[in-house]
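Working notes, structure below.
Within every chain, numbering begins at 1; the chains are lettered A, B, ... in the order of the sequence lines, protein sequences first and strands thereafter. Note that the structure is a prediction, hence the values are computed from the model and not measured. All values below come from the heavy atoms of this structure, side chains included, with hydrogens, waters and symmetry mates left out.
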There are 2 protein chains.
Amino acid sequence: MRTQAKNKPKAAAGKPARRPEQGMDKRELILAAALDEFSQNGFALARLDDVAKRANVAKGTIYLYFKDKESLFQELLRTQISPVMGMLEAVLAGGKEAKPVPLRELAHRVADLFVEQVIGTRRKDIVRLILTEGPRFPKLAEFYYREVISRGLGAFRARAQRAVKEGELKSDTLVRFPQLIVAPALTAIMWKSMFDKFEPLDAKALMKAHIENLFDKEERS
Amino acid sequence: MRTQAKNKPKAAAGKPARRPEQGMDKRELILAAALDEFSQNGFALARLDDVAKRANVAKGTIYLYFKDKESLFQELLRTQISPVMGMLEAVLAGGKEAKPVPLRELAHRVADLFVEQVIGTRRKDIVRLILTEGPRFPKLAEFYYREVISRGLGAFRARAQRAVKEGELKSDTLVRFPQLIVAPALTAIMWKSMFDKFEPLDAKALMKAHIENLFDKEERS
DNA sequence: GACTTATGACTGACTAGTCAGTCATATTTT
DNA sequence: AAAATATGACTGACTAGTCAGTCATAAGTC
C-alpha cells in the first residue's frame with residue numbers, strides 16, 4: 001500500500017537525513033504539513049491528526065521524528081528561519097568590503113531581502129507565527145531574540161554607529177532604534193494577513209518609501 | 001431597580017452603570033477578569049473556569065451576560081477600543097479649527113496618544129490580542145478594519161492629502177502609506193511583550209524619533 | 001536463488017485528560 | 001411567593017500522546 005522509500009529516522013531529536021529518494025523524507029513531509037496546519041490555525045488550534053493527514057502519515061509517525069507538538073512547532077520555525085539569517089548576515093557583511101556600501105544602500109538591500117525572501121514567500125507565515133505565538137512561548141521568544149533579533153539588529157546598529165562617526169548619518173536615531181528599519185515590514189506582514197482583502201498593501205513600495213524617508217533627510221547637508 | 005447596594009460580591013464601589021440595567025457590576029467584573037485571562041493566555045488557551053474564578057463568580061454566571069466565549073472576547077475588545085477611537089478622532093479633528101494644527105504637530109499628538117493611552121496602559125494587551133488573534137478571527141479583523149483602521153487611517157490620510165495640496169508636505173508618502181505613522185508603535189507593543197526583559201525599549205522616545213524622521217525632511221525647503 | 005529470520009519504520013485504536021457550555025437547584029430581590 | 005439572579009456539578013465533544021502489533025525489507029543460511 002505505502003510505496004515509501006526506505007529511510008531511517010534516528011531518535012526523535014535527530015538531524016534530518018537528506019535523502020530525497022522518491023520525494024521528501026517523512027520528516028520533511030511532516031514539517032511541510034505542519035507549516036500549513038500551524039499557519040492556518042495557530043499553535044493551539046492546530047490538530048496533529050490533521051498534520052498527519054496532510055503528510056499522508058499516521059499520527060504515531062510524527063512522534064518518531066518529534067518529541068511532542070511543541071517541539072514540532074519550534075523545529076519548524078527554526079528550520080525556516082536559519083536560511084534567511086544567513087542571507088541577512090551576508091547582506092550586512094557587504095559593508096566590510098574594500099569599497100564600503102553606504103548605509104542607505106544597505107538599508108535598501110535589507111528591505112529588499114525582507115520583501116522578497118519573507119513577505120513574498122510562505123516564510124511570512126513563519127514570522128507571523130513568531131509574532132502571534134511568541135508572547136505565549138517564552139522559550140521561543142528567547143531563542144528568537146538571541147538568534148535573530150539581537151544578531152540582526154546588533155549588526156545593523158554597529159554599521160549605523162560607524163556611519164555616524166564617519167559623518168554619513170547626521171543623527172543617531174538608527175543607532176538608538178534600529179527597530180525602525182523593520183517596523184513597517186512587520187506591520188506589512190500583519191496587514192497582509194488581516195486586511196489585505198479590504199485594502200491591498202504594496203509591501204515593496206511601502207518599504208522603499210520608508211527607507212527613503214529615513215535617509216532623504218540625511219542626504220542634505 | 002437597585003443601584004449599587006450589592007453586598008455579597010465585592011465589586012468596585014460606586015461604579016456608575018451606563019444603563020439602569022441590573023447586574024452591570026458583575027458584567028464589568030467579568031470583563032476585567034477576561035482581560036487578565038485572555039491577555040495572559042490568548043483566546044484558545046484561556047479557560048472560562050479561570051475567568052469565573054478571577055471574577056469571583058460561578059462559571060454559569062458568565063453565560064448570563066455573554067452568549068459564549070467568543071462573544072465575551074469580542075465584547076472585551078470592543079469596549080476597550082471605543083474610548084481610544086473617540087480620543088483619536090478628537091485629536092484628528094483638531095486640524096479643523098480656525099488655526100489649523102500643522103500635520104507634524106498632529107502626528108506627534110497621535111503618537112503621544114498612542115504611547116500614553118495604549119502602550120502605557122493595559123490597552124496594549126488589547127492591541128496585542130487583536131494582532132495575535134486577528135488572523136484567526138475573520139469577523140474580528142473585519143470589525144477592527146471597519147471601525148478602527150479605515151476610520152483612523154482614512155482621517156489621517158485626508159489630512160495628509162490636504163497638507164500635500166497646501167505645500168506642507170513635499171511628498172505624498174504619507175498619503176499612500178499612512179500606516180507608516182503607527183508601524184513603530186505596533187512593533188513596540190510586540191517588542192514589549194516578547195523582548196523587553198532582554199532589551200527594554202523606550203516607546204515614547206522611539207515614537208518621537210520616528211515622527212521627527214518623517215517630518216524633518218519636509219521642513220527644509 | 002530460495003527460504004528463514006530479524007529489524008524497525010509505521011500504524012491507528014485507545015487512554016487519559018481538558019474544557020465550553022448546560023441546567024437543576026439554591027439564593028436573593030421585589 | 002414569584003421573579004430574578006446565581007451557582008457549580010455535570011456532560012459531551014475533542015485531542016495530545018501511547019503502544020502493541022503489522023509488514024516491507026534486509027540479513028543470514030543453505
Looking at B/Phe143, does the NZ or CZ of B/Arg78 lie under 6.0 angstrom from its six-membered ring centre and within 45 degrees of the ring axis?
yes
Under 4.0 Å, heavy atoms only, any strand: does B/Ala46 hit a base, just the sugar-phosphate, or nothing?
sugar-phosphate
Grab the CG-P distance between B/Leu48 and D/dT11 for me, whole Å please.
20 Å
Rounded off to whole Å, could you give me the CG-to-P distance for the B/Asp50 and D/dG8 pair?
15 Å
Using modelled atom types only, decide if a donor and an acceptor are shared between the side chain of B/Arg128 and the backbone of B/Ser39 within a distance under 3.5 Å.
yes
Taking the side chain of B/Lys26 as heavy atoms from C-beta outward, which of D/dA6, D/dA16, C/dG21 is closest to it?
D/dA6
B/Leu64 CG - C/dT27 C1' separation (whole Å):
13 Å
Nearest to the A/Lys69 side chain among D/dT15, D/dG17, C/dT22, which nucleotide is it?
D/dG17
Tell me whether B/Glu37 is salt-bridged to B/Lys69, with the criterion being a basic N under 4.0 Å from an acidic carboxylate O.
no
Which of the following nucleotides, D/dA16, C/dG21, C/dA9, is nearest to the side chain of A/Tyr63?
D/dA16
A/Lys67 has an atom NZ; how far is it from atom C1' of D/dT18, in whole Å?
14 Å
Can you tell me if B/Lys192 has over 12 outside heavy atoms packed within less than 6.0 Å of its NZ?
yes
Rounding to a whole Å, what distance do you find between B/Glu37:CD and C/dC19:P?
10 Å
In whole angstroms, the gap separating P of C/dA20 from CG of B/Leu45 amounts to 10 Å
Give the nucleotide from the list C/dC19, D/dA16, C/dT22 with an atom nearest to the side chain of A/Lys59.
D/dA16
Atom CG of B/Leu72 and atom C1' of C/dA20: how far apart are they, to the nearest Å?
12 Å
Contact nearer the 5' end of DNA chain D, comparing A/Asp49 with B/Gly60
B/Gly60
Taking the side chain of A/Tyr65 as heavy atoms from C-beta outward, which of C/dA20, D/dA16, C/dC10 is closest to it?
C/dC10
Nearest-nucleotide pick for A/Val57, side chain only, options being D/dA6, D/dA16, C/dT11
C/dT11
Among D/dT15, D/dT7, C/dA20, the one nearest B/Thr61 by side-chain distance:
D/dT7
Between B/Arg123 and B/Glu116, does any side-chain N to carboxylate O distance fall below 4.0 Å?
no
A/Lys53 NZ to C/dT11 P: how many Å, rounded?
14 Å
